[in-house]
Structures are given as C-alpha cells and as structure tokens.
Amino acid sequence: GAVVSQHPSRVICKSGTSVKIECRSLDFQATTMFWYRQFPKQSLMLMATSNEGSKATYEQGVEKDKFLINHASLTLSTLTVTSAHPEDSSFYICSARAMGQGFYGYTFGSGTRLTVV
Amino acid sequence: DAKTTQPPSMDCAEGRAANLPCNHSTISGNEYVYWYRQIHSQGPQYIIHGLKNNETNEMASLIITEDRKSSTLILPHATLRDTAVYYCIVRGDTNAGKSTFGDGTTLTVKP
C-alpha cells in the first residue's frame with residue numbers, strides 16, 4: 001500500500017534556529033501533500049497545502065514566512081520551521097494522496113515531534 | 001466540509017463490539033463520510049469511508065443512516081490495540097485531502 005515517510009520522527013532544537021521536516025511518498029507520486037499541526041490533547045489542524053511545482057496554500061492564521069514549504073518533486077515535500085520558538089513545539093504530520101487513487105488514498109506520515117527549548 | 005459531532009470518549013471491553021457514533025446533520029449530497037484513527041503519537045490511519053450505503057472492510061463496518069445525517073463505526077471485536085482517538089470526517093472530492101478534523105472520540109478498550 002501507499003506509504004508516507006516523515007523524517008525526523010523527533011527533533012529538539014534551540015530557540016531561534018530553523019528545523020526542516022521531510023515528507024516523502026515512498027511508492028507513489030503525489031502532486032499534493034498536506035501539512036498538519038497537533039498540540040497536546042488537541043485535534044489535527046491543517047496548516048497548508050503543498051503543491052508540486054507551485055507555491056503552497058496556507059490556512060488562515062498560519063504564517064507563510066515562518067513555515068516554509070517546498071514541494072520540489074512528486075515524492076518530496078519539506079516544511080521548514082524558521083526561527084523556531086517554544087510555542088512552535090508541536091506534532092507535525094503530513095499526508096498525501098497517490099495520483100489516480102480514489103478518495104480513500106490519503107496516507108498520513110507518522111509525524112514529527114518538534115520540541116523547541 | 002460539514003461539521004461532525006462525536007462523543008469525547010467511550011470505553012469498550014476487549015473482545016466486544018465497539019460502536020462509535022458520529023452526527024453530521026449538515027452533510028451535503030456529494031460528501032463522503034470518512035473514519036480515521038490516531039494511536040498515540042502516530043499519524044492518523046484510514047479506516048473506512050462511505051457515501052450512503054453501509055460498508056465493510058477488514059478493519060471495520062460503517063453504518064450510515066438513510067438520511068445520511070449520522071453514522072456509526074463498528075469495530076466488531078475490539079482489542080487493546082484499538083485504543084485510539086477515532087475521527088469522523090465528512091468531505092467532498094473538491095479540495096481532496098484537505099480534511100477538517102474534529103475532536104474525535106477517545107476509545108479505550110479495557111481487558
């Protein structure tokens with residue numbers, strides 16, 4: 001089946017530094033990937049839609065200059081948290097759909113736990 | 001996406017059926033009902049989806065009422081590994097993949 005890999009699974013960084021999270025579709029191509037954020041004991045919140053070869057679309061309230069998204073190929077999207085602060089500590093999850101699959105073809109990555117100290 | 005309402009938590013005895021309800025009274029005709037679950041500190045896992053007919057797969061069954069305003073996810077023989085947060089999502093194919101997750105139901109399967 002379709003597999004989405006996220007890396008790293010956990011990262012701790014110092015306040016003010018940047019962190020890059022990768023989301024890869026391992027056995028399928030995805031023109032669109034989605035990035036979510038989840039705070040403790042809360043639900044997933046969509047941050048942005050990542051489109052291969054074009055600019056990402058951000059949800060209201062999400063700072064595009066802080067959360068840089070690059071979808072340079074059909075199998076890779078990256079989310080860079082720039083100048084991270086402790087309030088950016090969260091669980092970040094990506095999802096993707098295989099081209100040509102039906103509605104059920106949305107696969108989620110295993111998530112990245114970011115801790116900013 | 002239509003708004004969904006789920007109970008915040010449910011318990012189920014191991015080996016028994018778990019029935020998780022979801023209300024989606026504002027669902028429109030072209031919107032599907034999806035169920036995902038999220039085990040602690042993992043990404044969501046697709047379970048099942050349906051439009052108006054009942055559906056069954058190797059993981060679960062989905063019962064959708066005739067007016068489509070509510071549905072029930074059934075795990076026929078719950079195991080401890082089914083303990084998770086279960087999300088009911090209603091979504092059409094436009095903006096495909098852009099899912100709005102509600103608060104979900106925390107299912108705890110007890111021995």
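Throughout, protein chains are lettered first and strands after them, A, B, ... in sequence-line order, and every chain is numbered starting at 1.
- Interface residue A/Leu44: backbone and side-chain heavy atoms are both found under 4.5 Å from chain B.
- Here A/Met47 sits in one hydrophobic cluster together with A/Val11, A/Val19, A/Ile21, A/Trp35, A/Tyr58, A/Val62, A/Phe67, A/Ile69, A/Leu79, A/Val81, A/Tyr92, A/Leu114, A/Val116; the rule is ILVMFWY side chains under 4.5 Å apart, joined directly or through other members.
- Under a cut-off of 6.0 angstrom, the local environment of CE in A/Met45 is sparse, with at most 12 non-hydrogen atoms contributed by other residues, nucleotides or ligands.
- Chain B forms more heavy-atom pairs under 4.5 Å with one residue of A/Ser110, A/Gly111, A/Gly109 than with any other, namely A/Ser110.
- Within the model, atoms NE2 of B/His24 and CZ of B/Arg91 stand 13.5 Å from one another, a figure rounded to the nearest 0.5 Å.
- Neither the backbone nor the side chain of B/Thr106 comes within less than 4.5 Å of any heavy atom in chain A.
- Between B/Tyr34 and B/Tyr36, the ring planes are parallel. Angles under 30° get that label, and only those over 60° would be called perpendicular.
- Sorted by first then second residue, the ring-ring contact (aromatic ring centres under 6.0 Å, His included) pairs that include residues 58-91 of chain B, not counting sequence neighbours, are B/Tyr87-B/Phe101.
- Among the residues in residues 16-23 of chain B, none has a non-hydrogen atom closer than 4.5 angstrom to a non-hydrogen atom of chain A.
- Side-chain contact between B/Glu55 and B/Asn53: present, with at least one pair of heavy atoms (C-beta onward) separated by less than 4.5 Å.
- For the salt bridge (Lys or Arg N to Asp or Glu O under 4.0 Å) condition, the pairs that include at least one residue of residues 74-90 of chain B, sequence neighbours left out, are B/Arg37-B/Asp82.
- No donor-acceptor contact under 3.5 angstrom links the side chains of A/Glu52 and A/Gln29, judged on distance only.
- For A/Gln6, no part sits under 4.5 Å from any heavy atom of chain B, backbone or side chain.
- For chain A, no part of B/Gln45 is nearby; none of its heavy atoms comes within less than 4.5 Å.
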